[in-house]
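What you see below is based on every heavy atom in this structure, not just the backbone, and it leaves out hydrogens, waters and symmetry mates. Letters go in sequence order (proteins before strands), and every chain restarts at 1.
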There are 2 protein chains.
Amino acid sequence: MSTRERVRFGGRSARIQEAVHQAVKDLSARTPRADLTIPMIAAKAGVTPSTIYRRWGDLAELLSDVAVSRLRPIADPADCGSQEADLAAWTEQFMEEMSSDACRGMIRDACANPNDTKQCCGFIQDQLQVIVERAEARGEKPFDLERAMDQIVAPIMYRILFSAKPLDIPYSRQLVADFLK
Amino acid sequence: MSTRERVRFGGRSARIQEAVHQAVKDLSARTPRADLTIPMIAAKAGVTPSTIYRRWGDLAELLSDVAVSRLRPIADPADCGSQEADLAAWTEQFMEEMSSDACRGMIRDACANPNDTKQCCGFIQDQLQVIVERAEARGEKPFDLERAMDQIVAPIMYRILFSAKPLDIPYSRQLVADFLK
DNA sequence: CACACTAAAGCAAATTATTTGCATTAGAAG
DNA sequence: CTTCTAATGCAAATAATTTGCTTTAGTGTG
């Protein structure tokens with residue numbers, strides 16, 4: 001009685017969420033984004049469409065939710081021995097991963113939902129925070145997190161969403177070099 | 001006979017496009033984004049829904065199209081006498097305009113469509129290009145356009161889309177100062 | 001200006017997606 | 001084991017989307 005408004009996390013709910021997410025991943029690999037429908041996803045997941053409508057509301061929210069869970073990093077940034085090397089390696093890998101067509105699409109999907117975009121932003125900041133803390137532990141002078149978001153992450157995301165300009169290793173090195181200068 | 005695959009620009013087509021765009025603007029000012037529907041927009045515009053489906057495809061594309069036309073700048077950047085002053089004034093005004101809730105929504109809409117995002121990017125670049133050309137005419141050493149996109153425009157757009165951080169005049173001054181440094 | 005041509009719009013029927021009320025299932029708590 | 005109820009399933013009702021065909025109105029020609 002003490003737990004009002006409780007939400008159920010484990011069990012069937014979790015299984016269905018997993019099945020629906022998986023169905024979205026499977027289908028979006030084979031189907032153009034504009035052809036995806038909720039009844040199609042529901043069928044693939046072995047679930048009734050109304051379940052999806054009630055839990056997610058509409059297709060944009062579902063896709064945004066799936067996108068965020070896929071954009072969450074799996075591991076901490078690699079430890080390369082120094083802050084500069086960590087940052088260079090992380091930037092290169094981040095740029096490489098995020099600029100794939102699949103990732104571009106997911107980022108566009110995530111953009112539709114303000115909450116989800118903030119979460120993505122948080123993931124990235126957490127990754128950089130790990131690099132900063134590691135630098136502090138080594139006794140290095142840590143870089144400023146906000147400036148890194150502005151000068152490294154923002155230009156990459158801007159090119160992914162708005163521009164046709166290349167996202168390659170020279171560009172990655174230039175961003176890091178300009179930032180550390 | 002020489003004009004194959006011709007498209008009609010003026011006349012009725014233009015009137016209907018205008019009516020539909022206006023209907024979207026009117027409705028989106030009063031209606032939460034998630035409640036907008038094509039039949040609703042069609043009724044407001046005095047048009048049949050199938051006209052909208054055939055011309056725009058779906059709601060996301062229509063909203064994206066309207067967003068881009070609204071994000072197109074009306075005038076050239078103000079001439080403040082020097083490149084630095086022009087850039088400072090432009091950045092301040094750009095940030096102010098783009099960070100309104102209405103603009104945030106339009107930018108999210110535009111993000112859904114790769115072509116439209118590139119167009120937006122082009123508008124902004126054209127504005128900065130005007131400042132650069134003016135500087136050249138004055139005999140000033142012009143700044144690098146790509147660096148300006150990376151270090152001024154990108155951080156602003158990133159905060160608008162992904163972050164909850166403030167977009168205020170001190171931040172605008174900081175971006176410009178860091179860039180010109 | 002009249003005429004032919006046809007892109008774009010209208011209309012309405014057919015299809016498909018979404019919403020909703022009620023019945024059922026299966027976690028969670030006692 | 002039993003009770004409680006959030007979450008799902010099901011199916012009917014509603015709403016959106018697609019589509020074939022008709023009509024309207026720019027465009028170009030004589």
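In this structure, B:T37 reaches the sugar-phosphate backbone alone: every heavy-atom distance under 4.0 Å involves primed, P, OP1 or OP2 atoms, never a base. When heavy atoms are screened at a 4.0 angstrom cut-off, A:R54 is found touching base atoms of the nucleic acid.
Between the CD1 atom of A:I38 and the C1' atom of D:dA16 there is a distance of 13 Å, rounded to whole Å. At whole-Å resolution of the value, CG in A:D35 and P in D:dT18 are 10 Å apart. In this structure, B:I16 atom CD1 and D:dT23 atom C1' are separated by 13 Å, rounded to whole Å. Computed from coordinates, the B:D58 CG to C:dA17 P distance equals 14 Å when rounded to whole Å. What separates CG of A:L36 from P of C:dA17 is a distance of 12 Å, to the nearest Å. Between B:Q17 atom CD and C:dA9 atom C1' there is a gap of 15 Å when expressed in whole angstrom units.
Comparing A:P39 and B:V47 against DNA chain C, the residue whose closest nucleotide sits nearer the 5' end is B:V47.
At most 12 non-hydrogen atoms from other residues, nucleotides or ligands lie less than 6.0 angstrom from CD of A:E96.
Of the listed residues (A:V24, A:V66, A:D26), just one forms a side-chain contact (heavy atoms from CB on, under 4.5 Å) with A:I41, and that residue is A:V24.
For C:dA9, neither phosphate oxygen OP1 nor OP2 lies less than 4.0 angstrom from any side-chain nitrogen or oxygen of B:T48. Contact annotation: B:R55 side-chain N/O to C:dA9 OP1/OP2 distance is under 4.0 Å. OP1 and OP2 of C:dA9 both lie 4.0 Å or more from every side-chain N or O belonging to B:R15.
Inspection of the A:Q125 and A:Q129 side chains reveals no N or O donor paired with an N or O acceptor under 3.5 Å.
Listed nucleotides: C:dA26, C:dC11, D:dA11. Nearest to the side chain of A:R12: C:dA26.
Contact check on A:D150 versus B:K165 returns no salt bridge, with no Lys/Arg side-chain nitrogen under 4.0 Å from an Asp/Glu carboxylate oxygen.
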